[in-house]
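In what follows, a structure is listed as structure tokens, so that the remarks can point back to it.
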There are 4 protein chains.
Amino acid sequence: MDKRQRIIDATIQLCLENGIEKTTISHIVKHAGIAQGTFYLYFPTKLAVMPAIAEQMVTIIHEKLSQIDRSESITMKMQKCIDTIFANTSAYQELTKLVYSGLTQTEEVKQWEKIYQPLYDWIFEVIEEAKLTGGINSELDSGIVARIIMGSIESTAEQIYLFDYAPTIQVEHVKNNLHTFIMNGLGKNI
Amino acid sequence: MDKRQRIIDATIQLCLENGIEKTTISHIVKHAGIAQGTFYLYFPTKLAVMPAIAEQMVTIIHEKLSQIDRSESITMKMQKCIDTIFANTSAYQELTKLVYSGLTQTEEVKQWEKIYQPLYDWIFEVIEEAKLTGGINSELDSGIVARIIMGSIESTAEQIYLFDYAPTIQVEHVKNNLHTFIMNGLGKNI
Amino acid sequence: MDKRQRIIDATIQLCLENGIEKTTISHIVKHAGIAQGTFYLYFPTKLAVMPAIAEQMVTIIHEKLSQIDRSESITMKMQKCIDTIFANTSAYQELTKLVYSGLTQTEEVKQWEKIYQPLYDWIFEVIEEAKLTGGINSELDSGIVARIIMGSIESTAEQIYLFDYAPTIQVEHVKNNLHTFIMNGLGKNI
Amino acid sequence: MDKRQRIIDATIQLCLENGIEKTTISHIVKHAGIAQGTFYLYFPTKLAVMPAIAEQMVTIIHEKLSQIDRSESITMKMQKCIDTIFANTSAYQELTKLVYSGLTQTEEVKQWEKIYQPLYDWIFEVIEEAKLTGGINSELDSGIVARIIMGSIESTAEQIYLFDYAPTIQVEHVKNNLHTFIMNGLGKNI
DNA sequence: GATGAATGAGATTTCATTCAT
DNA sequence: CATGAATGAAATCTCATTCAT
């Protein structure tokens, strides 16, 4: 019904199937079941749809993170955060690729920061809280470290699921290393 | 002389100037000073040039890392590694974007792992050596952590230079946080 | 007005002037006064226009045959049929060639039968009527003989006009032989 | 070994597989295992290979016709001629198509007459002999009728094998009609 | 004779964009 | 708001032909 949403859905599906380059507005409108001209009533270009897709994906992750019990330890929270990102990257491998290359291809790149904000905020809160409750003993800038952590989790997940590093069987081993590294990094247990 | 190299060079330069989308094969051949058809003798499509570019970029970084004195401490080496990646990402912002979206758009994705191998190996050696000389006291898997570290450095650099996070003035502050986080992560000073 | 018809007309005219090989889609659209992309809204390839042309040509011949008075003798009708096919092959030499090689080059070959049907039907009717009125005394299968006759007329006309057999001056002599042969073949005058 | 023959063979095979239009000199030389430039030492263009192919095909038919016993009756000879052409068209359906459209596409068309000469001559001799021995009582011009007959046999065979007329099961029925028609046409048995 | 990398004119094809309905 | 036929600039891609080796 909602034409805007139908455009987004069609774009996701087509890009997943054929890649961004080969997905054209003509294909999108055909797949969305709308007229050629209608596209332009909602988006100026094909790449302008990407932020909407990214937003949708970030929202999914954020919802999962929000369900984590606030009273849990930072160790546990970070564990679950890693699990969530890994699960998401695994499930939406191609979509992740899509969002990445979609965003990097345009001036929309700058929006990345804003779209990711909720995730950074979530980690930020976790760190700040841990600082207060003595969960960690860190001198680090929470805002910056939040980004570093999110980046390291994502890039590790990508290396595994997108770039084919390591047999899938070792995923747990990698996740454990990553978790230890991050907790160490935050100065936990010192 | 070498036509293949001239195609790669032209592709890099044009993509840096105008972005991937707007760089066409027609532009490339014109800039490379070769005939239209000659392009197809070396690459089947525009995107097929990307792995060659990625390789070249990794080579540049690797050469810089190789120049670091082997006798330096791991702390110093990691510092210089961060500096190198940041400098590179800053200098070749667009090329970085290019490599990223170029690689993710094709089946070549899987090559990424292989192309990056030299960089992972360099960090791996640094960690292993530090373990031996007592520079760090880590139980972590060096192969995995090498990838985590490289990922965290790159993603942080990208957030700064590509996604416009943080005013440039704070770059040193971010780098310090990143360095501390990594060294902590490795279990240094425990 | 009708873009499809304009494409067909332009294709015919250009192929008559320059041959099929040298007629390009670019030429066709220019001559038809439409945009390059418009061609592809109606036909996927140049050769896909051929069946439409064949149909048009058969229609022309069929109209001429239809004008022949039904009350004439089979001898007269066959004479006029020969004259019509010869005149047509002579006038549209290149178009005939075009239709032939156009149709044989694609999967459309099978359509030939269907397109030619009206001509076969016309001869079929003539033979059947002659059988009834005693014009001929033939045991032959009218459907099959209709095709044999049409084939012999066309191939003879082609030998003369396309393959340059016999000086033009002898055309009447050839036509007479052909007519006698066909009438004999049908068992006339026995 | 013989490069000329290898070009011809490659051209036949490739045209049978992909059609004339889509067969390029590049494909031919690759398939023939010779260098790009070598082609031009033997043929000026792709279509210039066609007469060589036609010649090859006509030679095959002519050899079969030559094996027919000279002492047989014209009725028998014509029967065997029909059988030979039908068998050939059936076996080399695609090659026939190829030769046809290949020849009609160029100025080489005029060579058709010359290439076919041996076949016309064979029928010519048969008719002339029959005239002498009283096998037929025809006033027709043997040279012209030879062409008419050959044309009618070929076009009928094509209708059956190329254009899909009539179920294969009726082939004998068609051949019988054709034979009767031709013998009648020649004035036999009057 | 034979080679095959290189050429580049020109063909096909695509597709974002418009605009009258 | 919505449509979709038409556009045409510009892209990709082909391929006959050449020529230095």
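Numbers restart at 1 for each chain; the letters A, B, ... are given by sequence-line order, proteins then strands.
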For the student: nearest non-hydrogen atoms of [X] and [Y], plus distance:
| X | Y | answer |
| --- | --- | --- |
| C/I28 | C/A10 | O-CB, 3.7 Å |
| D/K22 | D/N18 | CB-O, 3.5 Å |
| A/A48 | A/F43 | O-CD2, 3.7 Å |

Worksheet item: Any side-chain N or O of D/T38 under 4.0 Å from OP1/OP2 of E/dT3?
Response: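 So the side chain of D/T38 is within the cut-off, an N or O lying under 4.0 Å from OP1 or OP2 of E/dT3.
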
Worksheet item: Under 4.0 Å between a side-chain N or O of D/T45 and OP1 or OP2 of F/dA16?
Response: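 So the side chain of D/T45 is outside the cut-off, no N or O lying under 4.0 Å from OP1 or OP2 of F/dA16.
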
In whole angstrom, what separates [X]'s [atom1] from [N]'s [atom2]?
| X | N | atom1 | atom2 | answer |
| --- | --- | --- | --- | --- |
| C/R6 | F/dA6 | CZ | C1' | 11 Å |
| A/L14 | E/dC15 | CG | P | 12 Å |
| A/F43 | E/dT17 | CZ | P | 15 Å |
| D/L47 | F/dC15 | CG | C1' | 14 Å |
| D/K22 | E/dT12 | NZ | P | 13 Å |
| B/I28 | F/dA10 | CD1 | P | 18 Å |
| B/K3 | E/dG8 | NZ | P | 10 Å |
| A/N18 | E/dT14 | CG | C1' | 15 Å |

Practice prompt. Specify the residue among C/I25 and D/Y42 whose closest nucleotide of DNA chain E lies further upstream toward the 5′ end.
Written response: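 Mapping each residue to its closest nucleotide by heavy atoms, the 5'-most match is D/Y42.
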
Worksheet item: 5'-most contact on DNA chain E: B/Q36 or C/Y40, nearest heavy atom basis?
Response: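 The residue closer to the strand's 5' end, by nearest nucleotide, is B/Q36.
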
Practice prompt. Using Watson-Crick or G-U wobble geometry with both distances below 3.5 Å, tell me the partner of E/dG4, or none.
Written response: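 Base-paired to F/dC19.
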
Item to complete: Counting Watson-Crick and G-U wobble pairs only, both distances under 3.5 Å, name the nucleotide matched with F/dA11, or none.
Response: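 Result: E/dT12.
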
Worksheet item: What's the closest nucleotide to the D/T24 side chain, out of F/dA2, E/dT12, F/dC15?
Response: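 Selected nucleotide: F/dC15.
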
Practice prompt. Name the residue closer to the 5' end of DNA chain F, choosing between C/I34 and B/T23 according to the nucleotide with the nearest heavy atom.
Written response: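 Whichever sits nearer the 5' end wins; that is C/I34.
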
Discussion item. If you assign D/P44 and C/L41 each to the DNA chain F nucleotide with the nearest heavy atom, which residue ends up on the more 5' nucleotide?
Written reply: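 With D/P44 and C/L41 compared, the 5'-side residue is C/L41.
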
Worksheet item: If only atom types and distance count, is the side chain of C/R6 paired as donor or acceptor with the main-chain N or O of C/I34 below 3.5 Å?
Response: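 Checking the backbone N and O of C/I34 against the side chain of C/R6, no donor-acceptor pair under 3.5 Å is found.
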
Worksheet entry | Atom OH of D/Y92: over 12 foreign heavy atoms under 6.0 Å |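 Count not over threshold, so no.
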
